[in-house]
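Remarks on the structure that follows.
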Amino acid sequence: MTTLDNPAAPAPAAPATTRADRPVRRELGVVNVLSHGFLLFWGAVTVLPLLWMVISSFKSNAEILADPWGLPGALRLDNWARAWTGAHIGRYFLNSLVVVTGSVTLTMLTGATAAYVFARYEFRGRQVLYYLFVGGLMFPVFLALVPLFFVVRNAGLFNTWTGLILVYAAYSLPFTVFFLTAFFRTLPTSVAEAALVDGCGHFRLFFRVMLPMARPGMISLAIFNFLNHWNQFLLPQVLMQGDESKWVLAQGLAALSVNQGYAGDYAQLFAGLTIAVVPVLLVYVAFQRQVQSGLTAGQLK
């Protein structure tokens, strides 16, 4: 007879918690506390210097030296104006925008085309070519600076935006091909087969069907390439020498740091640094959801 048949019957006792379960729960609690504490510490270490830089960009030089951790007495936007015009940060900003736009566009177009071929077509030597692309991840950029300098100079591309765009794209291709090849393999084959049956050619199949389906991965990778190219300093320092009118933002900030360090105009220096950081933060905040969805979508069949 069950408990429902006999209401007076006592309910079954709940299983008692064994002593072996308590230490496990305590250990998990300690791990959670430590992990959250570490994340909070890492977030503070990352955010506080950026916040201090932005606040200092609105101070005067006297306030920065007298009270570096205090708030500005007034929002001095003239620091930003002097950095934008007087230190030529505006010109370097536009130069970087042109170079990064061209390099990211070229990287994504060529990388997506190569990754699609590696992921969807069978041909002799496919694995060899794929591993040659991916093998570029093993070589840091500074190991090839000397031969790269002579190659770019002999090609007539030294101190030109075209040479810098080509070099940026070449060094970003290995990771782009590696990431997008795995992403294209997760896309459904039935859609491509249906498009081919309907009379869609391989060229239209890629640009009209497969490329829109790979949009999450493309957006994520484009953002990573944008951040990498925007923060690049070593390559333009080697390949863009002499003509200051063609410098990118990283070179202009380095020159501003040296010049204003001797002049003592720290407010202008902090304003220039803030101008350089703001686009990176805006891009990441605006496309944060796309980055997360793109990274996780490639793991699902």
Distance, nearest 0.5 Å, that separates [atom1] of [X] from [atom2] of [Y]:
X      : Y      : atom1 : atom2 : result
Leu50  : Ile55  : CG    : CD1   : 11.0 Å
Thr101 : His229 : OG1   : NE2   : 11.5 Å
Ile64  : Lys59  : CD1   : NZ    : 6.5 Å
Arg204 : Asp198 : CZ    : CG    : 10.0 Å
Thr176 : Met108 : OG1   : CE    : 6.0 Å
Trp161 : Ser96  : CH2   : OG    : 9.5 Å

With heavy-atom distances below 4.5 Å as the criterion, would you say the side chains of [X] and [Y] are in contact?
X      : Y      : result
Val151 : Leu157 : no
Pro174 : Val134 : no
Glu63  : Arg76  : yes
Ile89  : Leu253 : yes
Asn95  : Leu249 : no
Val238 : Leu148 : no
Tyr168 : Pro236 : yes

[Y] reachable from [X] in the ILVMFWY side-chain graph, under 4.5 Å edges:
X      : Y      : result
Phe226 : Leu166 : no
Val54  : Val278 : no
Leu205 : Phe203 : yes
Ile223 : Leu106 : no
Tyr171 : Val248 : yes

Nearest heavy-atom neighbours spanning [X] and [Y]:
X      : Y      : result
Thr107 : Leu173 : O-CD2, 4.0 Å
Ser172 : Asn225 : CB-OD1, 3.8 Å
Gln268 : Leu256 : O-CD2, 4.0 Å
Phe233 : Ala254 : CE1-CB, 3.8 Å
Ala276 : Val280 : O-CG2, 4.0 Å
Gly272 : Ala83  : N-CB, 3.9 Å

Distance flag, aromatic centroids of [Y] and [X], threshold under 6.0 Å:
X      : Y      : result
Phe175 : Phe224 : no
Phe118 : Phe184 : no
Tyr266 : Phe270 : no

Are there more than 12 heavy atoms of other residues, nucleotides or ligands under 6.0 Å from atom [atom1] of [X]?
X      : atom1 : result
Arg208 : CZ    : no
Phe139 : CZ    : no
Phe41  : CZ    : no
Phe123 : CZ    : yes

Do Asn159 and Leu239 pass the side-chain contact (heavy atoms from CB on, under 4.5 Å) test, and can you show the C-alpha distance, the side-chain angles, and the key distance before you say yes or no?
-> CA-CA 6 Å; Asn159 201 26; Leu239 303 178; over 6 Å; no

I'd like to know if the side chain of [X] reaches the main chain of [Y], judged simply by a donor and an acceptor atom lying under 3.5 Å from each other, with no hydrogens or angles considered.
X      : Y      : answer
Trp52  : Pro68  : yes
Gln251 : Gln241 : no
Thr46  : Trp42  : yes

Going through the checks in order, is the side-chain hydrogen bond (donor to acceptor under 3.5 Å, both in side chains) test met by Asn79 and Arg82?
-> CA-CA 5 Å; Asn79 296 335; Arg82 288 188 293 112; 2.7 Å; yes

Mutual orientation of the aromatic rings belonging to Phe58 and Trp80 [parallel < 30°, tilted 30-60°, perpendicular > 60°] =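 Answer is parallel, since the angle falls under 30°.
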
Would you tell me whether Arg120 and Thr189 have side-chain atoms, one donor and one acceptor, within less than 3.5 Å of each other?
->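 Side chains of Arg120 and Thr189: pair found under 3.5 Å.
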
Go through the steps for Val152 and Leu164 under the test side-chain contact (heavy atoms from CB on, under 4.5 Å), then give the verdict.
-> CA-CA 9 Å; Val152 173; Leu164 200 58; over 6 Å; no

Taking the six-membered ring of Phe178 (Phe, Tyr or Trp), confirm whether the NZ or CZ of Arg185 is under 6.0 Å from its centre and within 45° of its axis.
->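 No cation-pi geometry.
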
Does the pair Phe93 and Trp230 meet the rule for a ring-ring contact (aromatic ring centres under 6.0 Å, His included), with working shown?
-> CA-CA 10 Å; Phe93 185 94; Trp230 186 268; 5.3 Å; yes

Stepwise side-chain contact (heavy atoms from CB on, under 4.5 Å) check, Met218 with Leu180 | CA-CA 8 Å; Met218 294 285 291; Leu180 289 181; 3.7 Å; yes

